[in-house]
Protein chains: 2
Amino acid sequence: MRIGELAKATGLSASRVRFYEKHGILPPPERRANGYRDYPASAIAILQFIDQGQALGFTLAELRAALSTGDEQMPARADMIDGLRRKQAELESHIETAIARRAQIIELIAELTSCEPS
Amino acid sequence: MRIGELAKATGLSASRVRFYEKHGILPPPERRANGYRDYPASAIAILQFIDQGQALGFTLAELRAALSTGDEQMPARADMIDGLRRKQAELESHIETAIARRAQIIELIAELTSCEPS
DNA sequence: CTTGACCTTAAACCTAGGTCGAAGGTTTAT
DNA sequence: ATAAACCTTCGACCTAGGTTTAAGGTCAAG
C-alpha cells in the first residue's frame with residue numbers, strides 16, 4: 001500500500017503520515033525498489049489509533065510512548081491504562097474549568113444586559 | 001507608572017505587556033523624557049480585562065476587537081455581549097465534546113481492565 | 001564613580017502539529 | 001511519447017502567545 005492509498009484509507013493527509021513517521025510515532029515501512037513507502041494493512045489501524053488518541057486529547061508524545069512500549073504490535077496494557085487514567089483526570093479538571101468559565105460568561109452577559117442599557 | 005511596576009501590579013510579565021502593545025491590544029502609553037513607557041493607572045484595568053478574557057477563552061484578536069470598538073475607554077457593550085454569546089456557544093459545544101471524550105475514555109478503561117487480564 | 005536594577009529595541013527562539021514548495025524520479029493512461 | 005498523477009527529500013512556513021537574548025541607555029545608592 002502506497003502512502004496515498006493509506007492516506008485515503010484513513011482520511012489523513014500523506015504529509016501527516018510522513019510527519020508521524022519522522023517523529024517516531026508511526027514505524028517506518030518497507031520501501032519498494034523505486035523508494036516508495038510500502039505499508040502493511042496494519043498501518044491503517046495504527047493511524048486510526050493515533051487519530052482517535054488525538055481526538056481524545058492525547059499529545060503525540062504520549063501516543064509515541066504508548067505505541068513504543070508495546071511488546072509486539074499493541075501498546076502495553078498497563079501503560080495504556082495509566083495513560084487513560086491520567087487523561088481522564090485531566091479531562092475532569094478541564095470540564096470543571098470550562099463549566100466555571102461558562103458560568104462566568106453567563107454572569108457577565110446578565111450584568112451587561114440588565115444594567116445601564118445606554 | 002513604569003512597565004515593571006505595571007507588571008508587578010497585574011502579575012503579568014513586562015514582555016507580555018510590550019507584546020500586547022506591539023499587537024495593538026494595549027494602547028501605547030506616553031513616554032518619559034528618557035524613553036521609558038509611562039502608564040496611567042487605567043492600564044491596570046485594561047490588562048486585567050485582557051488577562052480575564054484570556055482565562056475565559058477569548059483569543060487576543062477578539063480582545064483587541066472588543067477593546068478597539070469602545071468609544072472612550074470601555075469596549076462597546078453590544079460587541080462585548082455578542083462576543084460573550086459566541087463564546088458561550090463555543091464553550092457549550094466544547095464541554096459536550098469533553099464529556100463525550102471522558103465517556104469514551106472511561107469505556108476504554110473498563111474494556112482494558114475487565115477483559116483478558118494477561 | 002561604579003554597581004546593580006531598571007529600561008529600550010529588534011530579532012530569534014519556543015511548543016505543537018502540522019502544511020507547502022521546490023526540485024526531481026516513477027508510473028499509468030492515452 | 002507525453003501528460004497527469006503519483007512518489008521522494010529537505011527546509012521553510014504557519015498559528016498563538018508569548019520568552020529570551022543581544023546590545024545598549026538610565027537612574028539611584030553607596
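In what follows, every chain begins at residue 1, and chains take the letters A, B, ... in the order their sequences are listed.
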Review point. When the distance from CG of A/Leu60 to C1' of C/dG17 is rounded to whole Å, what number comes out?
Key: 6 Å

Check your understanding: Quick one: is A/Arg18 getting a side-chain N or O under 4.0 Å of the C/dG17 phosphate, OP1 or OP2?
Key -> no

Check your understanding: In whole angstrom, what separates A/Arg16's CZ from C/dC20's P?
Key -> 13 Å

Review point. Between C/dT9 and B/Arg31, is there an OP1 or OP2 to side-chain N/O distance shorter than 4.0 Å?
Key: yes

**Study point:** Residue that, paired with A/Arg102, satisfies side-chain hydrogen bond (donor to acceptor under 3.5 Å, both in side chains) out of B/Glu90, B/Glu92, B/Gln88
**Key:** B/Glu92

Review point. Quick one: is C/dC6 close enough that its OP1 or OP2 comes under 4.0 Å of any side-chain N or O from B/Arg2?
Key: no

Exercise for review: Could you check B/His23 against A/Gly4 and say which one's nearest nucleotide on DNA chain D is further toward the 5' end?
Suggested key: A/Gly4

Check your understanding: Between atom CG in B/Asp38 and atom P in C/dC6, what is the gap in whole Å?
Key -> 17 Å

**Study point:** Between C/dT9 (P) and B/Lys22 (NZ): distance, integer Å
**Key:** 10 Å

**Study point:** Protein-nucleotide distance (B/Met1, atom CE; C/dC6, atom P), rounded to Å
**Key:** 15 Å

Exercise for review: Provide the closest heavy-atom pair for B/Glu21 versus B/Pro28 in the form atom of the first, atom of the second, distance.
Suggested key: OE2-CB, 3.7 Å

Practice item. Starting at atom OH of B/Tyr36, determine the distance to atom P of C/dA5, rounded to an integer number of angstrom. Key: 14 Å

Practice item. Using chain B heavy atoms and a threshold of under 4.0 Å, write down where along DNA chain D the contacts begin and end, 5' to 3'. Key: D/dG17 to D/dC27

Check your understanding: To the nearest Å, how far apart are A/Ile3 CD1 and C/dG18 P?
Key -> 14 Å

